[in-house]
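Written below as structure tokens is the structure these notes are about.
What you see is a predicted model, and the numbers here were worked out from it, not measured in a lab.
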Amino acid sequence: MRVCLISASYPPVRCGVGDQVYLQAERLSAAGESVQVLTSASVAAPPAAQVELLPLQLDWNAARTLELAAHVRRLAPEVVHLHYPALGYGLGLAPNLLFPALELTGFRGRRVATLHEYRQFTWKGKARLWPTLRFAHRLICTNRLDQKALENDFPSCREKIQIIPLGNPLEAETPEAATGPAATDLVHFGTIMPNKGWEDLLLALARLKGQGRPQRLLAVTALEPEAYAYHRIVKQRIQALGLEAEVVFTGYLPAAEAGAALRSGRIAVQPYSEGARLNRSSLVAVLAHGLAVISTDPPLALEELTANRHFWAVRPRDPVDLAQGILHLLDHPELTASLRREALEVSRAYFSWERIISLTRGMYRQILASC
């Protein structure tokens, strides 16, 4: 099949959507498909093997919609697969208007959109999506929460929706490496943002230190207070709580090095403020690396993941409960070992790239057969 993936973000741009598109392109190509990626001109990364990377001189605004559609038509893919949103689109409307533009200009290929983080869109963001929803042949959600929200908001789209989960963005090594001896107890992974629970995490660490149980946290991420206002807040909180020695940041690392850093720990602490969700590639990554994961109660039960079996659940926005959860896993090594085994097992069964690509190729074939 000739497949065109569209994402304004792509490595080395730091964007979880771009990472997923890169890995999807690589594996589709390895499976024998012909893959092209339309992305932003600022992208300078070498493409995955056998993937044609096509950076465009576009600002993704509405006025460039027909130009974007013309690029797609010249490539003549059988499937055009839009990933939305991506960091590089900004507030540009070209991605939202692309599918109706392709329909009006006679494009014969099938149109697919993966909607990342749909449940977190504002009502304005959801309204902007209507042209894509109307003219897509298939809509992909990465989790049941997003699927239910999309079905409630747009019942007419129900028959188009399919769940295909996120894959591990860091390429887990062998299970033996993932379950080997740990150099540190606690790790954290993911871009520093307000909804990642950083303030609760720091309060929990300060509480443990005050109880005579100080813990070192290896944060596999970059703290960049000179660039981001919220990072300045996090740095100030670390200083105010006296945790400069306890919280260590690796800085931004390439995927292989980030994976190795994660595997140096036993317990991943991911206290998302809005609860654990499967549109968090950081959660998928720590599970896939065989870590015992402490996260927050999800708003609804997560498909394939059972609280306190695959991850240890604590209350969101509750640093006391988080501190108690950390101590509970530290003091019960048999429970930690069980969580690590279960995390690896569910990752191999549900979040493996082999399964994801099989589902994706099957979906492509199905909509092509319906022409």
Which is it for Gln366 and Arg138 under the side chain to side chain donor-acceptor pair (under 3.5 Å) test, yes or no, and what are the steps along the way? CA-CA 10 Å; Gln366 186 179 52; Arg138 191 60 53 90; 3.1 Å; yes

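- Using bins of under 30°, 30° to 60° and over 60° for the plane-to-plane angle, the ring pair Tyr118/Phe154 lands in the perpendicular bin.
- Counted within 6.0 Å of CD on Glu159, heavy atoms from surrounding residues, nucleotides or ligands total 12 or fewer; the atom is thus considered open.
- Note on Arg277 versus Glu274: salt bridge recorded, some NZ/NE/NH1/NH2 to OD/OE distance being below 4.0 Å.
- Ion pairing between a basic and an acidic side chain is recognised when a charged N comes within 4.0 Å of a carboxylate O; Arg317 and Asp200 show no such pairing.
- With salt bridges taken as basic N to acidic carboxylate O contacts below 4.0 Å, one links Asp331 and Arg213.
- Looking at Gln24 and His83, their side chains do bring a donor and an acceptor atom within 3.5 Å of each other.
- Between the side chain of Ser352 and the main chain of Arg355, a donor-acceptor pair closer than 3.5 Å is present.
- A single hydrophobic cluster is seen to contain both Ile356 and Val112, as judged by linkage of ILVMFWY side chains at heavy-atom distances under 4.5 Å, directly or through other members.
- Ion pair Arg232/Glu226 not flagged as a salt bridge, since none of the NZ, NE, NH1 or NH2 atoms sits closer than 4.0 Å to an Asp/Glu carboxylate oxygen.
- Using a 4.0 Å cut-off between charged nitrogen and carboxylate oxygen, Glu246 and Arg216 do not count as a salt-bridge pair.
- Dense packing is recorded around NZ of Lys209, with more than 12 heavy atoms of other residues, nucleotides or ligands lying under 6.0 Å away.
- Between the side chains of Ser282 and Tyr272, at least one donor-acceptor pair of N or O atoms lies under 3.5 Å.
- Salt-bridge annotation for Arg64 and Glu67: present, with a side-chain N of the basic residue lying under 4.0 Å from a carboxylate O of the acidic one.
- Within a 6.0 Å sphere centred on NZ of Lys126, heavy atoms belonging to other residues, nucleotides or ligands number more than 12.
- Within the 6.0 Å centre-distance limit, the rings of Phe249 and Trp198 are counted as a close aromatic pair.
- With respect to Arg14 and Glu224, a salt bridge is recorded, a charged nitrogen being found less than 4.0 Å from a carboxylate O.
- We find that Arg110 and Glu78 are not joined by a salt bridge, their nearest charged nitrogen and carboxylate oxygen being 4.0 Å or further apart.
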